[in-house]
Q: 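This is the structure I have questions about; it appears just below.
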Amino acid sequence: MKRPFNFGSGPAMLPLKVLEHARDELVDWHGCGMSVMEMSHRGEEYTSIHAEAQADLRALLDIPSNYKVLFMQGGATSQFAMVPMNLLRGKTSADYLNTGVWSEKAIKEARKFCRVQVVASSEDEGFTRAPAFDAWKTDLGAAYLHYTPNETIGGVEIFPVPETRGVPLVADMSSNILSRPIDVSRFGLIYAGAQKNIGPAGITIVIVREDLIGNALTDTPTLFDYKLCADNDSMVNTPPTYAIYIAGLVFKYMKAEGGLAVMEARARAKAGLLYDFLDASDFYETRVARENRSLTNITFRLKDETRNDAFVESAKARGLLQIRGHRLAGGMRASIYNAMPIEGVEALVDFMKDFERRGAPKPR
Ligand SMILES: *Cc1c(COP(=O)(O)O)cnc(C)c1O
């Protein structure tokens, strides 16, 4: 079977080795006669899977011991509400950076719980760059500062970690977590839905400094309280066991491949290939500012946008799937997370050259 290259933004490709591993033990995990899906979440088989997944994620990201790793549900979207519910800690306002669609959604949800101060926005520039750090109007009295280090739809990434002078930094890393090493100690809280660079949809990762939890709003539902989740080892109720198991296999795969430094080198090689091609082209373009070009979600356009449908259809015929940009952004987008091999990006660039050759007006 020849698998296509899937450039979808999420749910996204998983490493083939992980899928094959899961297939091989689908009906009988380690000789116990049960599928992971059938196990009690309190039984010793599943609890070992759960603990290993946590330990492997800690090892990959080198998470300090004063941080809790939570496996939650509801996707990154549910964190838009859980963050203010848990992190206001008696304060009345929170700072938010606006760099695109996902920041806007986080801001809208947070407004239900507190006064949101937008420290800076790149909306006027069509979200093609992130506002420069020195233009952020931050407030030292804010409960936290929230930002989206990688805007999945716009393809805008912020590389240096902002300095917040003691205000806890909260990051929605749904689409760039595990794409490179990070210094977790610079953050108060990191969250990510799994279906981009981790595993199947259904599990949401939260990494939170332990001194920030335990002060949730009084009416916070049990399942949304980070402290209760942490104290119960992410098993207040039944966790998404199979999704956690697959995520655990992905963590083991990443460790075996050499860890996050290797993932970063691969990401830079893949993204570099595509951006270099775009920069040299008169037929395609990318509008994202150079310093904010995402390594995982590469947005680009055909200069002649009337050819968009033909481009998407021909790509599909070549086994290059899901290349159309998000409906809110238009254009094209290649999502190239860890599971996308460089061969996929090479095939895309080859296709784009061919399409240009066939699509350009014929010289007379
Ligand atoms: C995909 C995405 C989300 C939404 O994730 P869900 O798991 O569908 O809720 C939020 N933020 C970012 C940056 C994303 O890429």
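Since the structure is predicted, the reported quantities are computational estimates derived from the model, not experimental observations. All values below were derived from every heavy atom in this structure, side-chain atoms included, with hydrogens, water molecules and symmetry-related copies excluded. Atoms within a ligand are numbered from 1 in the order they appear, just like the ligands themselves.
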Q: Which protein N or O atoms sit under 3.5 Å from any N or O of ligand 1? Give atom names and distances.
A:
{"from": "ligand 1", "atom 1": "7 (O)", "to": "A76", "atom 2": "N", "distance (Å)": "3.1"}
{"from": "ligand 1", "atom 1": "7 (O)", "to": "Q195", "atom 2": "NE2", "distance (Å)": "2.9"}
{"from": "ligand 1", "atom 1": "8 (O)", "to": "Q195", "atom 2": "NE2", "distance (Å)": "3.4"}
{"from": "ligand 1", "atom 1": "9 (O)", "to": "A76", "atom 2": "N", "distance (Å)": "3.2"}
{"from": "ligand 1", "atom 1": "9 (O)", "to": "T77", "atom 2": "N", "distance (Å)": "2.9"}
{"from": "ligand 1", "atom 1": "9 (O)", "to": "T77", "atom 2": "OG1", "distance (Å)": "2.5"}
{"from": "ligand 1", "atom 1": "11 (N)", "to": "D172", "atom 2": "OD2", "distance (Å)": "2.6"}
{"from": "ligand 1", "atom 1": "15 (O)", "to": "T152", "atom 2": "OG1", "distance (Å)": "2.4"}
{"from": "ligand 1", "atom 1": "15 (O)", "to": "K196", "atom 2": "NZ", "distance (Å)": "2.7"}

Q: Would you call R290 and D279 a salt bridge, using N to O less than 4.0 angstrom?
A: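 Looking at R290 and D279, the cut-off is met.
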Q: Does a side-chain N-to-carboxylate-O contact under 4.0 Å join K105 and E109?
A: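 Salt bridge absent between K105 and E109.
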Q: Of the options K252, R58, K255, which is the one that meets E52 in a salt bridge (charged side-chain N to carboxylate O under 4.0 Å, His left out)?
A: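 In the set K252, R58, K255, the residue that makes a salt bridge (charged side-chain N to carboxylate O under 4.0 Å, His left out) with E52 is K252.
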Q: Check this for me: E20, atom CD, are more than 12 non-hydrogen atoms of other residues, nucleotides or ligands nearer than 6.0 Å?
A: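 Atom CD in E20 is crowded, with more than 12 foreign heavy atoms closer than 6.0 Å.
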Q: Taking the six-membered ring for Trp, are Y144 and Y96 closer than 6.0 Å centroid to centroid?
A: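 Judged by ring-centre distance (under 6.0 Å), Y144 and Y96 do meet the cut-off.
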Q: Is the distance between the ring centroids of H41 and Y46 under 6.0 Å?
A: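 Not close enough - the centres of the two rings lie 6.0 Å or further apart.
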